[in-house]
Amino acid sequence: MSLSRFKSAAAAVLVTLGLASQAVAADPAKIGFVYIGPTGDHGWTYAHDQGRKAVEAKFGDKVKTTFVENVPETADAERVFRDLAQQGYKMIFATSFGYMNQQLKVAKAFPNTKFMHATGYKSAPNLGLYDVRTYEGAYMLGVVAGKMSKSGKLGVVASIPIPEVIRNINAFTLGARSVNPKATTRAIWVNSWFDPGKEREAALTLIAQGSDVLMQNTDSPAVVQAAQEKGVLAFGWDSDMSKFGGKAHLAASVLHWGVIYNKAVGEVLDGTWKTGDIWWGVKEGAVNIEAFGPAVPADVKKLAEERRDAIKAGKLHPFTGPLKAQDGKEVLAAAKTMGDPELRKMNFYVEGVEGAIPK
């Protein structure tokens, strides 16, 4: 081969390699989401999937997202995480508390993959934590409940007795008692995040016991449907559930996971992501009270929105003393605010909550 032909061939190879390199560089980052329930049109998983769609809207062809739904909090979850990591997903989000140990195990096996776990507490150099301050939403719903209840008896259909859920029950009660000091709350635990049959049964039991306003920390619309059927009131949880509850639906605590997902994915794309702990609320736009129903008077809506604005401005914290536990013992002195470490390990009911936390 002549020198000129050799140079031409070499140049062609370099051009080809350059084009290939550009193609590789242009490949979208693969981002995976693992869901505890169905995406549907309501609730926890639906809210997370709206966050996934927010990532697609913001980053366009820079990312390619996928999700796996209805993944139980068992060894199946480990298999799903491992499969996504082996497929080259750059970041994998686990959206339920019970995925924690499985995701941690897989994260250790794939140090070059970024993982993030919602609501958990175990981390690693490539495993970060994230959550929404759902208790702020519960507090705002409690303010509305305290104003709207005729009996002063409130009910909560609760999922699993972990600090997150206990915290929400307490915040709901504190919000209600801030406008009706005699209000009380009773919780029935269904030991599941998503079980429409058990949720409905718990709601009907609470109604039979005299509760005329219901909140839930579960994922199906069964509670608002039961409320509509029995002529009492209820709230959407994690998303707007008004289409399921009709006149019974007072408002909803709506989660906006997209603000967190956009932050994390943006940092992965620009190479600045580091393991950390994100816990965002009203201030950052991660939770809000929305979808007020026709039964809510203008003055009650205004009050709830004023409380929301005070939380956003840092002028109101739901867990501010004096605060007493269920047994009347003071757990927080006047003017003191409970810190995040205490909030995250909450294992007691506040004054006004009836019944016991399951062991």
Side-chain angles (χ1 to χ4, degrees), residues 16-41 44-120 122-132 255-278 280 286:
T16 301
L17 290 173
L19 290 173
S21 176
Q22 290 174 16
V24 170
D27 284 347
K30 295 165 70 175
I31 312 295
F33 296 78
V34 180
Y35 299 150
I36 185 68
T39 53
D41 56 2
W44 176 263
T45 294
Y46 169 78
H48 280 283
D49 202 50
Q50 293 299 106
R52 179 188 66 82
K53 291 177 180 177
V55 169
E56 291 184 335
K58 181 175 178 64
F59 297 105
D61 59 8
K62 293 180 181 178
V63 299
K64 178 182 179 182
T65 74
T66 194
F67 64 87
V68 185
E69 59 188 336
N70 295 313
V71 178
E73 295 169 316
T74 63
D76 276 357
E78 180 184 334
R79 175 186 58 77
V80 172
F81 295 135
R82 191 174 298 277
D83 182 53
L84 290 171
Q86 288 173 337
Q87 291 182 50
Y89 278 79
K90 200 160 188 176
M91 172 166 267
I92 301 170
F93 293 98
T95 64
S96 191
F97 178 81
Y99 294 150
M100 181 168 61
N101 291 329
Q102 298 94 318
Q103 193 182 37
L104 180 62
K105 183 177 179 180
V106 176
K108 290 179 178 179
F110 292 87
N112 294 324
T113 303
K114 307 295 189 295
F115 296 84
M116 290 192 72
H117 179 229
T119 75
K122 294 181 179 180
S123 62
N126 62 326
L127 170 57
L129 305 174
Y130 69 105
D131 199 359
V132 169
L255 305 184
H256 297 281
W257 293 100
V259 294
I260 295 176
Y261 289 146
N262 284 341
K263 168 183 166 60
V265 171
E267 290 172 348
V268 166
L269 292 177
D270 66 21
T272 62
W273 185 89
K274 294 180 180 179
T275 187
D277 187 352
I278 300 170
W280 283 0

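Being a predicted model, the structure only gives us computed values, none of them experimental.
- Between V63 and P28, the shortest heavy-atom distance links the atoms C-CB, 3.6 Å.
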Would you please test T66 and L84 for side-chain contact (heavy atoms from CB on, under 4.5 Å) and show each step?
CA-CA 10 Å; T66 194; L84 290 171; 4.2 Å; yes
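- A donor-acceptor pair shorter than 3.5 Å can be found between the side chains of E73 and S96.
- Listed for the S123 side chain is no donor-acceptor partner under 3.5 Å among the backbone atoms of G128.
- Here the closest non-hydrogen pair linking Q102 and A75 is NE2-N, 4.5 Å.
- Proximity of D131 to I278: side-chain heavy atoms (C-beta onward) are nowhere separated by under 4.5 Å.
- The aromatic ring centroids of F110 and F115 lie 6.0 Å or more from each other.
- The two residues A77 and P72 make their nearest non-hydrogen contact at CB-O, 3.6 Å.
- Interatomic distance, T65 OG1 to K30 NZ, rounded to the nearest 0.5 Å: 12.0 Å.
- Considering H256, H48, K58, K53 in turn, H48 is the only one that fulfils the side-chain hydrogen bond (donor to acceptor under 3.5 Å, both in side chains) rule with Y261.
- For Y46 against D41, the heavy-atom pair with the smallest separation is CD1-CA, 3.5 Å.
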Residue pair V71, I36: steps toward the side-chain contact (heavy atoms from CB on, under 4.5 Å) verdict:
CA-CA 5 Å; V71 178; I36 185 68; over 6 Å; no
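- Pairing each heavy atom of A107 with each of L127, the nearest pair is CB-CB, 4.3 Å.
- Not counting sequence neighbours, the partners of Y99 by the ring-ring contact (aromatic ring centres under 6.0 Å, His included) test are F81.
- Rounded to the nearest 0.5 Å, atoms NZ (K122) and CE (M100) are 5.0 Å apart.
- Taking every heavy atom of both residues into account, I92 and A85 meet most closely at CD1-N, 3.7 Å.
- Atoms CD and OG1, on Q50 and T39 in that order, are 9.5 Å from each other to the nearest 0.5 Å.
- Applying the salt bridge (Lys or Arg N to Asp or Glu O under 4.0 Å) test to pairs two or more places apart or on separate chains, those with a residue in residues 96-111 are E78-K105.
- To the nearest 0.5 Å, the span separating CG on D27 from NZ on K90 amounts to 10.5 Å.
- Side chain of N126 to main chain of T113: a donor-acceptor pair is present (N/O by atom type, distance under 3.5 Å, no hydrogens or angles).
- Interatomic distance, K263 NZ to W273 CH2, rounded to the nearest 0.5 Å: 11.0 Å.
- Taking CG from D49 and OH from Y35, the interatomic distance works out to 3.5 Å, rounded to the nearest 0.5 Å.
- The backbone N or O of V34 sits less than 3.5 Å from a side-chain atom of T95, completing a donor-acceptor pair.
- When each of F93, W280, F33, W44 is tested with W257 by the rule ring-ring contact (aromatic ring centres under 6.0 Å, His included), just one qualifies, namely W44.
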